[in-house]
Amino acid sequence: MNSSGILSITTFVYATAAFLYIFAWVFKKDFPGKVATWVASVGLAGNISGFILRWIESYQMGIGRAPLSNLYESLVFFALTIALIYLVIEQKYRNRTMGAFAFPLAFLALAYASLSPNISDRIQPLVPALKSNWLIAHVVTCFIGYAAFAIAFGLSIMFILRQRAKTEGSILKRFPEPRVLDELTYQLIMLGFLFLSIGIITGAVWANSAWGRYWGWDPKETWSLITWFVYSTLIHARMMRGWHGKRIAWLSIVGFMAVMFTYFGVNLLPGLHSYGASG
Amino acid sequence: MVKNETSPDPKNRIWMFFASVKLTVALLLTLAVTSIIGTVIPQNESPAAYVNAYGENLYRIFSVLNFFDMYRSWWFQLLIIFLTINVVVCSLERLPKTWKIVSVKVPPFNADRFRDDNSKVDFQSQRSVQTLRQAFEPFICKKFNYCRVEETDKGVLLFGEKGRWTRLGAYIVHMSIIFLLVGALIGSIYGFEGFVNIPEGQTVNQIRLRNSNEIYPLDFDIRCDRFSVSFYETGTPKEYRSALTILEEEKPVLQKDIIVNDPLSYKGINIFQSSYGSLPSESLTLSISSREPQLGFNFVKETKIGEPVELPDGKGSVVIQDYTNSAQFGGRSIGEAFIGVLTPKEGEPVQVILPLRFPNFDRMRQGDFIIAVQDYEKKFYTGLQVAYDPGVPVVYLGFIVMILGCFITFFISHQRICIEVIRAGNSSRVMVAGTSNKNKLGMQQKIKRISEKLQGMSQVNSPTT
C-alpha cells in the first residue's frame, strides 16, 4: 500500500474518532470516549506513517524531498499536528469533550486532502524556488502554529457554548470549567503565536536568500502579518487590559478566520506563494 | 500610573496618549484591517489596468487614498510610526516599575498572601518542625534558584522563587520590533533593489532599480558566461543556472554558478537567479519544400534574420524578419517563433509564422510552399535580481531577539513558593502554596506535585535526606 492509501484509510479512522468523541459527549457516556482516544491514537499513527512513507516514496522515485511542498502534503501535516497537539492536551487535562471540537478539525483537514477532486496527491519534484533547506523549517513551524490556533478556535467555541449552559444537566456542563477553557485557549494561542512568528521569520529569511528581500507585501506574507496582528491584539488585551472569557474567545475565532484565509483564501489572490495552491 | 490623565501639561498628555495599551489595540486592529486592502487590490500596476478594472471614478478615489501602493503610502507609514512610538513609550513608561521588581537583591515575601491562596495544600506530619525543615530546605533550594528560611514563633517559613527576570520578556519582544523597524529603515535609505538581463557571453555594469525604474551603475562588471535550464521528465522546470563572473577593471575576481536559492554575494551586493528568456537568434536553417511533389523540390538553406532566401527557378523569395518570444495565432500564444514574409513570383506577399514548438505549422497555411525551421542557434539571457540591503543584519538580530523574547514572555514565568511548617503538639502542620505571574493552572499543578513529594518526605519511615 502506498502513502495515499494509508492516508485515505486514516481519514476514515479520524472520522470514526471524531464521531465517537461527539457521541460520548452528547450521550454522556464514558466508554465511547475511551474508545475515541484509542481510535484517535491509531489514526495519528496512521497519519504519521503515511507522512513518513510519502517521504520514503519520494526517495524511491528519485525525487527525494520532504513531503511539505503542496496543498495535499500541507493538509496531511496540518491534520497530523492538530491530532498530536489535541492528544497531548487530552492526556494533560483529562477531559474528552474537547475532542468533540478539536478532532473534527483534524478529520476535515485530512478529508479535504484525501477526498477533494481538485487536490492532487501525486508526488511531484520540487520547482527551483522550493529547493531550499528553509522549506522544512518554514512549513513545519507555520503548521504547528496553525494547528495550535485551530484547537484554540475549537476551545473558544466551547467556551462560548459553555457560558450559555443554564440547566445543571446540560451536556454543555460536561465541558471543562470556563476558567480552564479560557486559560487553555490562551496557552494554545501563545504557543501558536510563537510558532507563527518563527514561521514568518523563517519565511522572511528564506525569501531573502531566494529573492533578495525579506519582506515584499506579497498577499500571503501580508495575510500572515494580519493574522499576527490579530493574535498580538489578543495577547496585549489579555496581558495588559485583563481581557478574559468571551472577548478573548471571539478574538480567537476571528484570529482563526485570518489563519484560514492565510492558508486557503490567499490562493484566490495574485502572488508568489502559489506553491500552496492545488496541483 | 501616577500621572493624571487630565493633566494640563500638553507634553504629558501626548506621552500618556502614546503610553496607552488601548492605543496599541486600536493600532494593531487598524493595521490588520487596512493591510487587507493591498492584498485585494493588486499593487503597483499601470493606471490603464486599474481604470480597466475599477472604472474611472473608483480609480480616482483609490488613487487619492494611495490604495495602489498602500504599504508605502503616507497613512500606512504613519500607522507604523505611531505603533513604533507606542511600543517605545509603553516600554519606557512601564520599564522602571518592572526593573524595580526585577532588580531586588532580597526578594520580599508576604506569607499572608500565600496563606490566603485558594489552591494551597495542607497536610499533617508526625515529624518535628526542624526535621521537616532539614528535609525540605535542600529540596526547595534545588528546585528554585533563590531560597530563604525564616523562623517564626509558630514554626518556620521556607520561601523559594525563580524566573524573576522573565518579567522583562515583553520588553525584549518590544526591543526586537525596534530592531526590525530600524533594520527596515536602514535598508530603505541605504539599500537598493534592481534587476538586469544579461545575454550569454555579455557583460553589464549597471542595473535598473525596481521602484523608480532608474539606471543604477555598479562599481564592478557582471558577465554571464552561460545560462542553462533543465527540466524534469514531466516538463516542469528543475533548475535555472547561470555561470557568472564578476570583473574589476576587466579582470575576473569571482566566479560562481548561481541557482534559485543560492545567490552570489560580492561587496555586500547579492545577485539572485530570477528569470530567463531566449534571445532572438541571429542565424537559422530553413527547410523549404513544395506542397505538390511533382513540382518537386525540397531544399535546406542557412540564413540570417533579414537575409532573403531565393526559391528555385525564380519562384519567389522568403525573408525571416523577426524572432519573438511569444507569437500569437488566432488569439492564442504559440510560444517562440520566427516570423517572415514569403513573396511568390505571382501574387501577394504572405506572412509566415514558424513556431519552434510546432515544426509543421506552416502546412496549415495551405500555400504552395511549406517552410519550416530545421535548426537555429539557441541563445539565452539570464534575468538577475540585484539587491543590497545593509539593514539585513539588524533585521536578523531582531528576528532572533523576537523568538527568544516571545519564548520567555509566554513560557517562562516568575514562580514563587512558600512552605510553612507549624508546630502542632508533637507533630507538625505543613502548608504549601505558590504563585506565578502567568500560567496559573500550570503552577497549581506544580504545587500539587511538589506537595506530594514533600508529603512523601514527611513520612516517619522515610529517610530525612
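What you are looking at is a predicted structure, and each value in this text was computed from that prediction instead of being measured. Chain A is the first sequence line, chain B the second, and so forth, proteins listed ahead of strands; every chain is numbered from 1.
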Which bit of [X] comes within less than 4.5 Å of chain A, counting heavy atoms only: side chain, backbone, both or neither?
X: B/Lys440; answer: backbone
X: B/Thr409; answer: both
X: B/Ala184; answer: both
X: B/Ser274; answer: neither
X: B/Ile36; answer: both
X: B/Tyr396; answer: side chain
X: B/Val395; answer: side chain

Write down the atom of [X], the atom of [Y], and the distance for their closest heavy-atom approach.
X: B/Cys406; Y: A/Phe193; result: SG-CE2, 4.1 Å
X: B/Phe76; Y: A/Trp217; result: CE2-CH2, 3.6 Å
X: A/Pro128; Y: B/Pro237; result: CD-O, 3.4 Å
X: B/Phe399; Y: A/Ala204; result: CZ-CB, 3.8 Å
X: A/Gly212; Y: B/Ala387; result: O-CB, 3.6 Å
X: B/Gln445; Y: A/Lys92; result: NE2-O, 4.3 Å

To the nearest 0.5 Å, tell me how far [X] [atom1] sits from [Y] [atom2].
X: B/Asn270; Y: A/Trp211; atom1: CG; atom2: CH2; answer: 15.5 Å
X: B/Leu29; Y: A/Ile226; atom1: CG; atom2: CD1; answer: 12.0 Å
X: A/Asp218; Y: B/Gln43; atom1: CG; atom2: CD; answer: 11.5 Å
X: A/Glu183; Y: B/Lys438; atom1: CD; atom2: NZ; answer: 12.0 Å
X: B/Thr24; Y: A/Arg241; atom1: OG1; atom2: CZ; answer: 9.5 Å

Structural part of [X] lying under 4.5 Å from a heavy atom of chain B:
X: A/Leu225; answer: neither
X: A/Tyr93; answer: side chain
X: A/Asn133; answer: neither
X: A/Trp228; answer: side chain

For this session: Decide side chain to side chain contact (heavy atoms under 4.5 Å, CB included) for B/Phe410 and A/Ile235; before the verdict, give the C-alpha distance in whole Å, the side-chain angles of both, and the deciding distance to 0.1 Å.
Result: CA-CA 10 Å; B/Phe410 297 154; A/Ile235 288 168; 3.7 Å; yes

Between [options], which has the largest tally of heavy atom pairs under 4.5 Å with chain B?
options: A/Met239, A/Arg179, A/Gln187; answer: A/Gln187
options: A/Ser232, A/Ser197, A/Ala258; answer: A/Ser232
options: A/Leu184, A/Leu234, A/Val230, A/Asn208; answer: A/Asn208

For [X], look at atom [atom1] and say whether over 12 heavy atoms of other residues, nucleotides or ligands are found less than 6.0 Å away.
X: B/Lys446; atom1: NZ; result: yes
X: B/Lys22; atom1: NZ; result: no
X: B/Trp75; atom1: CH2; result: yes
X: B/Phe231; atom1: CZ; result: yes

Problem set entry | Output field: ring centroids A/Trp215/B/Tyr71 closer than 6.0 Å |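 A/Trp215 vs B/Tyr71: aromatic centres not under 6.0 Å.
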
Heavy-atom pairs under 4.5 Å with chain A - which of [options] has more of them than the others?
options: B/Leu441, B/Thr236, B/Val25; result: B/Leu441
options: B/Tyr240, B/Phe411, B/Phe407; result: B/Phe411
options: B/Val392, B/Ile259, B/Asn439; result: B/Asn439
options: B/Val21, B/Leu28, B/Val386; result: B/Leu28

For this session: Begin from the C-alpha positions of B/Thr39 and A/Trp223 and carry the test side-chain hydrogen bond (donor to acceptor under 3.5 Å, both in side chains) through to its verdict.
Result: CA-CA 8 Å; B/Thr39 66; A/Trp223 269 98; 3.0 Å; yes

For this session: Check for a donor-acceptor pair, side chain of B/Asn261 on one end and backbone N or O of A/Lys131 on the other, with a separation under 3.5 Å.
Result: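 It does hold such a pair.
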
For this session: Kindly say whether A/Leu126 contributes a backbone atom to a donor-acceptor pair with the side chain of B/Tyr232 at under 3.5 angstrom?
Result: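 Yes; judged by distance alone, with no hydrogens or angles, the pair exists.
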
Exercise. Does the side chain of A/Met240 reach to within under 4.5 Å of the side chain of B/Arg94, using non-hydrogen atoms?
Worked result: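 A/Met240 reaches B/Arg94 side chain to side chain.
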
